[in-house]
Amino acid sequence: MNERRKPYPFDRIEPKWQAIWDETRAFHAPNPGDENFDPAKPKYYVLDMFPYPSGAGLHVGHPEGYTATDIIARYKRLRGFNVLHPMGWDAFGLPAEQYAIKTGQHPAVTTRENIAKFKAQLKRIGFSYDWEREVNTTDTGYYKWTQWIFLQLYHSWFNPETKKAEHISSYRGADPDAVRLAYVAEVPVNWCQELGTVLANEEVIDGKSEVGGFPVVRRPMRQWMLRITALADRLLDELEGLDWPDSIKALQRNWIGRSEGAEIRFPVVGAARPDDRTPRHDSPAFPEIRVFTTRPDTLYGATYMVLAPENPLVDRITPEDRRESVSQYRTAIATKSDLERTDLAKEKTGAFTGAFAINPANDERIPIWIADYVLMGYGTGAIMGVPAHDERDLEFARKFELGVVPVVQAPGKTPEESIGYTDVGVAINSPLLNGLSRPEATARIIDWLEQNGHGRRDTRYKLRDWLFSRQRYWGEPFPVIWRDGKHEALPESELPLEPPALEDFKPTGTGEPPLAKAKDWIRYSDNATRETNTMPQWAGSCWYYLRFCDPQNDQRFVGEEPERYWMGGGSIAETGNRKPESKDNTENAFRNPHSEIRNRPGGVDLYIGGVEHAVLHLLYARFWHKVLFDLGYVSKPEPFQRLVNQGMILGEDGRKMSKRWGNVIDPLDVIEIYGADAFRCYEMFMGPLEQMKPWSMKGVEGVSRFLARVWRLIMEENQAGEWILSGQVQEVDSGKAQLKVLHATIKKVTGDIETLSFNTAISQMMILVNALIPQGGTPAISVSTLRTLLLLLNPFAPHLTSELWEILAGKFPGPGLDITAERWPEHDEGLLLEDEIEIILQVNGKLRDRITVALDATNAQLEALALASKKVQNAVGGQTIRKVVVVPRKLVNVVAN
RNA sequence: GCCGAUGUGGCGAAAUGGCAGACGCAACGGACUUAAAAUCCGUUGGGCUUAACGGCCCGUGCCGGUUCGAGUCCGGCCAUCGGCACCA
């Protein structure tokens, strides 16, 4: 391939400016109290989801979000904000460990190499990160505090009275270990043999591991859990005030899965206990079945009950003559895979236990069945079957010929026809509830249940407690020891607890973690040993945004003042009621971002990342943050005020980029040919940030041509082929038309950046540049117009604009050499108005003519002009004019028929 | 099944309820050049009509509604993508 001529010398200017930014610490954000800290500036915290530094390096998907945040960061700096824009590494994780298993190279070495590669790539794109704040979750100085936060969770409980996490010392019960937010439980977990570790529910997809796609089986093991369910209500309710995409909020709501209803107690008759197989009806040990239902109003329609096959109650209630068939069914279910069991298409199966329960509402005796459509893991592992108003129950009842009693009558239907209706209608066949609507009936029956001791109001969640331990080497060790079979927290003074040096990182295969191989390390004292599990990768990412506020602090996970400043709602300037910009135009809300900022509840001001973290990282981090908030360590209850998901970038063939399709684009290859500025601008020009969109090399070329036109507006080649300042750049006044498009561009670009509509911002700058290109005659371009253009373009193409700014500043006196020290321009609304404007004339809503009128033409004048138009008259023809709609400065619509 | 998003030229897309297709790509024509590349200028939703200027009709997934006026708002469908899924 021929060495193609560069459209402009980005290969020289980009490294030049990157070096200057490094040397001058151009993007270092000072903390309160630091040298150069300006208390007059409001803060702006703009954050990327920090990457896992894989061996593959960046692909074009990473820099999409990073470019967006970088534009915002640079823009906010020009608007006078103190901008926190950091980057770091989520570096614990499986690939480095698996590489270690294969090669024996320590994961720390692999990680270090990968980070160096990632960092070089990010720098090459010209991101304005404050690299002095870089964090790495695998540094001892970092995970010391991850372990410290774990200890806070360990030492805390959720007080249902105050609805807050509190120190365990405020717990008055007998067994604090039963309520700690970090606790140990023997639970059925997702065990992945291939990975040699257990996984969180969130990490298992269709019975396979999210990483690697290996089979996952349920198996009871002793594990560390975090009591995230205690915060379920808050995690749900406090989503409301967040400026997040609806889809992400919906995903989290769905994942938390709050259902409101009642727990109802059904006494069992004809029950048999293993130790006494005689049916007993009046024993004090009389078993009862508790069910959870969201439809207590349909209680009278409960014609049978179903227990999950695994429900331990089954043994207690099944009479002798049914034991064999019940046990057969249970065995059949146990050998089924999760996939088979949850296959919706399959027919309902089940077995009658031989026992009966009493429906407390009408004292009816109803049969108790077991069936695998009832899950042990949700509610109480038992349901009341209301076939008339639940599809699944209806299917089951029809198959096994159980009674179906309609208890809700749908509007306009007979009771019989109302079977299968689940939503609307009034209660029937329900003595206590007849005639009531669903909400009324629900309230009435719950009151009745509570008054008569048959049940209570209840809320259940799909959310499970967070399985927090892993059997891996490359993760944070738990700061916990075991003595006499009981766990104890390590004292804070012993943090960080570093993992042992190991030769062999392989999983043991038995479920025992690799750390168990380090016999010396395990031994804590004569009678105490260390916990050998490690934390999952999510641990480090749960609080990294806090560490960025104060990354070097070795006394605290984050200093109080930096946390208040960066994560608090108001900056020093805001609380001081001071605005950094004097001009204010209330007509245009977006022109005054400060009013918007002041009203924010605080936290990270803008967080951009992939949608894949909707229910994992984003839920976990919110959970930790709320606990830290309750304990008084952070200033606001939510960490991320505004969240945006960038859309995936597809290959040129429209398919997901993957090695398999050979359609992966390497950013550095693109930068090699077109430069970092073109790469950045193209990523933003492709389309709306949130949208999925295919890559196009031709598209990059188009954007590159645009940047080259900007270059040639200001530079020209001399005889020797060197770029020199163009003679057409002069200190002249811009013409009226140019000023108009310039100010329209200031307005549009400013508004578009605020709404992250970068694609249209770039379009508008293209329009401006097209308008500035001299068309014949004696060309002269105003220096001040060019400077404004460079400022507007600077966040998008920082290298090019820095270079051109410097060249202009060297030739024309005025501003300094450094564009990043400048202020963002403001548009003058007056320049956008013309003396004459075009009015469109419609007949019945269809465009028929246009006229040019004075700006201040009255409605009456407009109407007269419209009716005088030949084209309007033709369109009206013989019809009668019914009405004339005049929209000032816009249009006239003549209605005729 | 439930929840969420999306549907506009050949392609990426744009349009506070007011000129549909800005901007860019591709394509075609032209200028410059010995030639090419680069650059610059022009045309470019579909159809009908006119010698030409121009004129007319259709057009934002489909069907209805609201409105002087709908890509945009409302109701009902269809399709694609993403998430959840026997969650009681």
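Computed from a prediction, not measured in an experiment: that's the story for all the values here. Just so it is clear: chains get the letters A, B, ... in the order the sequence lines come, proteins before strands, and each one is counted from 1.
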Engineer: Quantified in whole Å, what is the C1' atom distance between nucleotide B:rC57 and nucleotide B:rG61?
Structural biologist: 22 Å
Engineer: What residues, two or more places apart in sequence or in another chain, satisfy side chain to side chain donor-acceptor pair (under 3.5 Å) together with A:Tyr304?
Structural biologist: A:Tyr373
Engineer: How is the base pairing of RNA chain B summarised as a dot-bracket string, given the Watson-Crick and G-U wobble criteria with both distances under 3.5 Å, [ ] for crossing and | for another strand?
Structural biologist: (((((((..(((.....[....))).(((((.......))))).(((((....)))))..(((((..]....))))))))))))....
Engineer: Anything under 3.5 Å between a protein N or O and an N or O of nucleotides 80-84 of chain B, put it in a table, one pair a line.
Structural biologist:
unit_1	atom_1	unit_2	atom_2	d
B:rC84	O2'	A:Asn254	OD1	3.2
B:rC84	O2'	A:Lys462	NZ	3.3

Engineer: Grab the CD1-C1' distance between A:Ile383 and B:rA88 for me, whole Å please.
Structural biologist: 6 Å
Engineer: Have a look at B:rG71 and give me syn or anti from its glycosidic angle (syn if within 90° of zero).
Structural biologist: anti
Engineer: Round to a whole Å and report the spacing from CE of A:Met684 to C1' of B:rA13.
Structural biologist: 15 Å
Engineer: Rounded to the nearest angstrom, tell me the gap between atom CD in A:Glu690 and atom P in B:rA14.
Structural biologist: 11 Å
Engineer: Mark up nucleotides 16-27 of chain B, 5' to 3', with B wherever a protein heavy atom is under 4.0 angstrom from a base atom, S wherever such an atom reaches only the sugar-phosphate, and - elsewhere.
Structural biologist: B-BB--BBSSS-
Engineer: Report the C-alpha separation of A:Leu616 and A:Tyr620 in whole Å, then their side-chain angles, then the decisive distance to 0.1 Å, and conclude whether the side-chain contact (heavy atoms from CB on, under 4.5 Å) test is met.
Structural biologist: CA-CA 6 Å; A:Leu616 301 168; A:Tyr620 296 154; 4.2 Å; yes
Engineer: I'd like to know whether OH of A:Tyr421 has more than 12 heavy-atom contacts from other residues, nucleotides or ligands below 6.0 angstrom.
Structural biologist: no
Engineer: Work out how far the P atom of B:rG71 is from that of B:rU8, and round it to whole angstrom.
Structural biologist: 15 Å
Engineer: Does A:Ser726 have any side chain to side chain contact (heavy atoms under 4.5 Å, CB included) partners at least two apart in sequence or in another chain, and if so, which?
Structural biologist: A:Glu716, A:Gln728, A:Val729
Engineer: Please give the distance between the P atoms of B:rC25 and B:rU43 as a whole number of Å.
Structural biologist: 15 Å
Engineer: Test your reading of the model: is there a side-chain donor-acceptor pair from A:Asn893 to the backbone of A:Gly845, 3.5 Å cut-off?
Structural biologist: yes
Engineer: Nearest 0.5 Å, please: how far is OG1 in A:Thr380 from CG in A:Leu307?
Structural biologist: 8.5 Å
Engineer: If we take the P atom in both B:rG10 and B:rA5, what is their distance in whole Å?
Structural biologist: 28 Å
Engineer: Please round to the nearest 0.5 Å and tell me the distance separating atom CZ of A:Arg850 and atom CD1 of A:Ile837.
Structural biologist: 14.0 Å
Engineer: Considering only atom P, compute the distance from B:rA14 to B:rC53 and round it to an integer number of Å.
Structural biologist: 34 Å
Engineer: Could you tell me the separation between the NZ atom of A:Lys870 and the P atom of B:rC53, rounded to a whole number of Å?
Structural biologist: 22 Å
Engineer: Which value, in whole Å, describes the distance between the P atoms of nucleotides B:rA20 and B:rU72?
Structural biologist: 14 Å
Engineer: Got a donor-acceptor contact below 3.5 angstrom from the A:Asp297 side chain to the A:Arg438 backbone?
Structural biologist: no
Engineer: Can you tell me how far P of B:rC68 sits from CZ of A:Arg882, to the nearest Å?
Structural biologist: 14 Å
Engineer: What nitrogen or oxygen pairs link the protein and nucleotides 56-59 of chain B at under 3.5 Å?
Structural biologist:
unit_1	atom_1	unit_2	atom_2	d
B:rC57	OP2	A:Arg848	NH1	3.4
B:rC58	OP2	A:Lys846	NZ	3.3

Engineer: When rounded to the nearest Å, what value does the distance between P atoms of B:rG29 and B:rG21 take?
Structural biologist: 26 Å
Engineer: B:rA13 P sits how many Å from A:Phe706 CZ, rounded?
Structural biologist: 20 Å
Engineer: Nearest 0.5 Å, please: how far is NZ in A:Lys693 from CE in A:Met686?
Structural biologist: 6.0 Å
Engineer: Let me spell it out: for each of A:Thr293 and A:Glu391, pick the nucleotide of RNA chain B with the closest heavy atom. Which residue's pick is nearer the 5' end?
Structural biologist: A:Glu391
Engineer: If you apply the rule salt bridge (Lys or Arg N to Asp or Glu O under 4.0 Å), what do you find for A:Arg258 with A:Glu260, and how did you get there?
Structural biologist: CA-CA 7 Å; A:Arg258 178 161 71 193; A:Glu260 288 168 21; 3.4 Å; yes
Engineer: Could you work out the separation of B:rG4 and B:rC77 based on their P atoms and round it to a whole Å?
Structural biologist: 15 Å
Engineer: According to the interplanar angle, ranging from 0 to 90°, do the rings of A:Phe396 and A:Trp369 count as parallel (below 30°), tilted (30 to 60°) or perpendicular (above 60°)?
Structural biologist: perpendicular
Engineer: Could A:Glu288 and A:Arg290 be called an ion pair, given the rule that one side-chain N must be under 4.0 Å from one carboxylate O?
Structural biologist: yes
Engineer: Mind calculating the distance between CD (A:Gln252) and P (B:rG4) to the nearest angstrom?
Structural biologist: 16 Å
Engineer: Relative to the 5' end of RNA chain B, which residue comes earlier, A:Val895 or A:Ile773, by the nucleotide with the nearest heavy atom?
Structural biologist: A:Ile773
Engineer: With a non-hydrogen cut-off below 4.0 angstrom, is A:Pro245 in contact with a base, only sugar-phosphate, or nothing?
Structural biologist: nothing
Engineer: Rounding to a whole Å, what distance do you find between A:Ile248:CD1 and B:rA5:C1'?
Structural biologist: 11 Å
Engineer: Does a side-chain N or O from A:Ser247 land closer than 4.0 Å to OP1 or OP2 of B:rC3, or not?
Structural biologist: no
Engineer: Could you give the distance from CD1 (A:Ile366) to CG (A:Leu402), rounded to the nearest 0.5 Å?
Structural biologist: 10.0 Å
Engineer: When you look at A:Tyr300 and A:Asn359, which way does the side-chain hydrogen bond (donor to acceptor under 3.5 Å, both in side chains) test go after all the steps?
Structural biologist: CA-CA 8 Å; A:Tyr300 285 93; A:Asn359 183 335; over 6 Å; no
Engineer: Determine whether A:Lys747 and A:Glu829 satisfy the following criterion, side-chain contact (heavy atoms from CB on, under 4.5 Å), listing intermediate values before the conclusion.
Structural biologist: CA-CA 9 Å; A:Lys747 182 176 180 177; A:Glu829 193 72 29; 3.3 Å; yes
